[in-house]
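In what follows, a single structure is set out as structure tokens and then discussed.
Letters A, B, ... are given to chains in the order of the sequence lines, protein chains preceding strands, and every chain is numbered from 1.
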2 protein chains.
Amino acid sequence: MKARRDVFQAIADPTRRAIIGLLAQQTLTLNTVAENFSMSQPAISKHMRILTECGLVIIVKQGRERHCTASFKALEEVAQWAEQYRRFWTDRLDTLEQLLNEEE
Amino acid sequence: MKARRDVFQAIADPTRRAIIGLLAQQTLTLNTVAENFSMSQPAISKHMRILTECGLVIIVKQGRERHCTASFKALEEVAQWAEQYRRFWTDRLDTLEQLLNEEE
DNA sequence: TATTTGCTAAACCAAACGGTTATACATACT
DNA sequence: AGTATGTATAACCGTTTGGTTTAGCAAATA
């Protein structure tokens with residue numbers, strides 16, 4: 001049964017975003033990932049669990065090692081959510097601009 | 001002095017994303033926003049504070065009312081972060097696809 | 001002036017978060 | 001067989017989160 005974590009919540013943590021950045025370059029074992037951070041292996045294990053629960057990382061067991069691969073499909077939801085508002089922030093007649101101009 | 005909240009953390013909460021969705025359509029007073037949710041007005045006040053601290057909402061005092069306007073510029077960071085990985089998830093030879101195919 | 005309205009602030013609370021250390025365990029090495 | 005390695009799990013802990021209720025206050029209304 002999948003916990004079906006929210007991807008928005010998963011990427012809220014800077015360490016997890018950094019893990020995704022690392023894994024974007026190459027698949028790494030859990031320990032190798034952990035070496036890139038100044039925190040314990042169990043801490044990284046926990047982050048990795050959250051990332052897998054929302055589908056951002058896939059773990060393949062290979063012997064005693066865990067090969068972690070980033071899976072970016074889940075980021076589509078995030079990109080789309082943010083992008084739907086793009087017209088607002090690229091529009092020069094944006095309400096924000098108006099407000100700022102009034103106050104300056 | 002701005003608290004400079006992390007926008008990723010701000011949008012992690014579904015209620016806050018819903019507030020942004022509401023304000024994308026029109027500027028609303030704090031109370032009007034609160035009426036759209038099944039929680040107390042102080043709770044919405046707190047969410048609104050977080051949203052303003054990271055620049056996602058701008059509040060203009062008008063008499064005793066607070067007019068809340070969404071400001072989407074801060075979402076650019078989110079969109080760009082997610083989009084940098086787009087090539088990975090649109091690529092059919094994506095590593096995820098490979099992994100899934102191997103397992104099925 | 002008294003009352004209502006819109007909102008903030010304070011105090012509180014349970015649950016979740018993000019980390020730790022210690023332990024356990026399966027796999028690989030000698 | 002014994003040891004070392006890679007990882008998971010459990011127990012624990014302080015802080016943060018997301019909500020509540022109550023009280024307070026300034027602005028609008030009667």
TODO: Check whether any side-chain N or O of R5(B) sits under 4.0 Å from OP1 or OP2 of dT17(D), and answer yes or no.
DONE: yes
Task: Spacing of H67(B) atom NE2 relative to dG6(C) atom P, expressed in whole Å - done: 11 Å
Task: Closest listed nucleotide, where the reference is the side chain of I50(B) and the choices are dG18(D), dT7(D), dT21(C) - done: dG18(D)
Task: Worked check of side chain to side chain contact (heavy atoms under 4.5 Å, CB included) between F72(B) and L75(B) - done: CA-CA 5 Å; F72(B) 302 93; L75(B) 285 184; 3.9 Å; yes
Task: Ion pair D6(B)/R17(A), N-O distance below 4.0 Å - done: yes
Task: Side chain of P42(A) - closest among dG19(D), dT20(C), dC17(C) - done: dT20(C)
Task: Close side-chain approach of V57(B) to T69(B), heavy-atom, < 4.5 Å - done: no
TODO: Indicate if L51(A) and W89(B) have the same hydrophobic cluster label, given that clusters are the connected sets of ILVMFWY residues with side-chain heavy-atom separations under 4.5 angstrom.
DONE: yes
TODO: May I have the distance from F8(B) (atom CZ) to dG18(C) (atom P), rounded to whole angstrom?
DONE: 15 Å
TODO: Indicate yes or no for a side-chain donor-acceptor contact from R16(A) to the backbone of H47(A) under 3.5 Å, with no hydrogens or angles considered.
DONE: no
Task: Short side-chain N/O contact from S40(B) to OP1 or OP2 of dT20(D), under 4.0 Å - done: yes
Task: Among dG18(D), dC7(C), dT20(C), the nucleotide that comes nearest once only the side chain of R16(B) is considered - done: dG18(D)
TODO: Would you indicate what E65(B) reaches in the nucleic acid, counting non-hydrogen atoms under 4.0 angstrom: base, sugar-phosphate, or nothing?
DONE: sugar-phosphate
Open item on the list: Is the phosphate of dA8(D) approached by S45(A) (side-chain N or O, under 4.0 Å from OP1 or OP2)?
Closed with: yes
TODO: Taking all non-hydrogen atoms of both residues into account, name the closest pair between R66(A) and R64(A) and its distance.
DONE: NH1-O, 3.5 Å
Open item on the list: Tell me the interatomic distance from I44(A), atom CD1, to dG6(D), atom C1', rounded to whole angstroms.
Closed with: 14 Å
- [ ] Please state how far atom CZ in R49(B) lies from atom P in dT17(D), giving the value in whole angstrom units.
- [x] 12 Å
TODO: With the side chain of Q41(A) defined as its heavy atoms from C-beta on, choose the nearest nucleotide among dT20(C), dG19(C), dA8(D).
DONE: dA8(D)
Task: Spacing between R64(A) atom CZ and dG6(D) atom C1', to the nearest angstrom - done: 6 Å
Task: Proximity to the side chain of M39(A) - top-ranked nucleotide from dT20(D), dG19(C), dA10(D) - done: dG19(C)
TODO: Between dT22(D), dG19(C), dG19(D), spot the one nearest the side chain of K46(B), thanks.
DONE: dG19(D)
Task: Rounded distance (Å) that lies between atom P of dT17(D) and atom CG of D6(B) - done: 11 Å
Open item on the list: When you measure from the side-chain N and O atoms of H47(A) to the phosphate of dG19(C), is any distance below 4.0 Å, counting only OP1 and OP2?
Closed with: yes
Open item on the list: Distance check needed: dA28(D) C1' versus N31(B) CG, whole Å only.
Closed with: 14 Å
Open item on the list: Just to be sure I understand the rule, does Q9(A) reach a base, reach only the sugar-phosphate, or reach nothing, if contact means heavy atoms closer than 4.0 Å?
Closed with: sugar-phosphate
- [ ] Kindly point out which of dG18(C), dC7(C), dT17(D) is positioned nearest to the side chain of L30(B)?
- [x] dC7(C)
Task: Length of the line joining D13(A):CG and dA16(C):C1', which is rounded to integer Å - done: 13 Å
Task: Residue whose closest nucleotide on DNA chain C lies nearer the 5' end, G63(A) versus T29(B) - done: T29(B)
